[in-house]
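First listed ligand is number 1; within each ligand, the first listed atom is number 1.
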Amino acid sequence: MKIELNKNKVFFNNGSIKKEIHPFWLRERVSGEEFLDKGTQQRLFDPTFLDNEISIDKANITDKFLEIDFNDGVNSKLEIDKLALEFFNEDTVLKSIPKIKWDSSLKEIKNFEYQDNFFESKEMYNLLVSFYKYGFVIIKNIPTHDNFIVKFANSIGSVRRTNFGEYFDVKSKPDPNDLAYTSLGLAPHTDNPYRNPVPCIQLLHCIESEVTGGLSTLVDGYTVTEDLKKENFDFYKILSEIKVRFKFIDKEVVLEDWSELIKLNDDKTFKQVRFSPRLDYVPMLEKEKLDLYYKARKKLSEMYNSGKYRIEFKLAPKDLMMMDNHRLLHGRTVYETKEGNRFLQGCYIDYDSTEGKLKHLKRKFNL
Ligand SMILES: [Fe+2]
């Protein structure tokens, strides 16, 4: 990628394409104390107040800088490397971490060990990279006192509060408002599909585990989606087109949101799955369409519930699992309350927490 000049016009050239850079785009990016606050790097001027007819009177490239005299009298030296980072219209940091598809054959995934100064360490950066690759990580040795999970979550970003509170205790209790608070097995599902937006990441911290059952289960919704697309495109298509209503009610709130079971990005790549067959309501569509939809949902459910895709493991006290609620499905096997206690604490954070931390640590360690 090179920057070139031709008669007071600035071009970028990536070897195959040469395009003019709009003078206003460059004018918005002027640097120097007069234009940018040193600490925050925020603009000290409002570009919406500038004249649209900005042009370049003179431009020069010296070493790593592009020096421009604009027609409104402003002169600025722009860092070429910094400009080049903006030529990609997407998040290059996250794009550089490809998702790794996995199924029940997943073995030897690295666990992380909590220690002093963990949140500002390179290990934290590696943890976040692993999280974006696999959709989950397990961190061992997390203190279990004083709802430490909240401190953990707030040290990465901010807790995302829901109707279940800032954090929630997962143990069987009388008169529960969700099956999570029983000792029943839970089939793979995503949490809070009825919320807008759906919480992005769930943290689950094991405090006590005295039962033989109660294993945690995970399924990669990304892998299942990609496999379904290959194996039965019509099923994949209808599940990514029909929006269904997810609904949750209790004594205090009625929550509803509409979404496809498989949500795609504008470019048709994977974005999110929602799956909670106790809470979804498909609209009343033509019979033929619903015929296909019900077959497709059944197939999807069979895949999510199949041993081919599921991993099972036991969280030990002090283990904390962090999982992507837009990508993974989670569940648990049944357990027997007579055997002893099973007590987990959970809370949610959103993607801006993990992304912000990842980018900060990348900058800090120059990675
Ligand atoms: Fe859940």
Carboxylate-amine/guanidinium proximity below 4.0 Å for D280 and R297: yes

Heavy-atom side-chain contact between D227 and Y309 under 4.5 Å: yes

Does K357 use its side chain to pair, donor to acceptor, with the backbone of F119 at less than 3.5 Å? yes

Presence of salt bridge, E123 and K110, under 4.0 angstrom: yes

Residues which pass ring-ring contact (aromatic ring centres under 6.0 Å, His included) with F275, listed by chain and number, not counting sequence neighbours: Y304

Is NZ or CZ of R27 both nearer than 6.0 Å to the six-membered ring centre of W25 and within 45° of the ring axis? no

Below 2.8 Å, which protein N, O or S atoms neighbour the Fe ion (ligand 1), ignoring water? H189 NE2, D191 OD1, H330 NE2

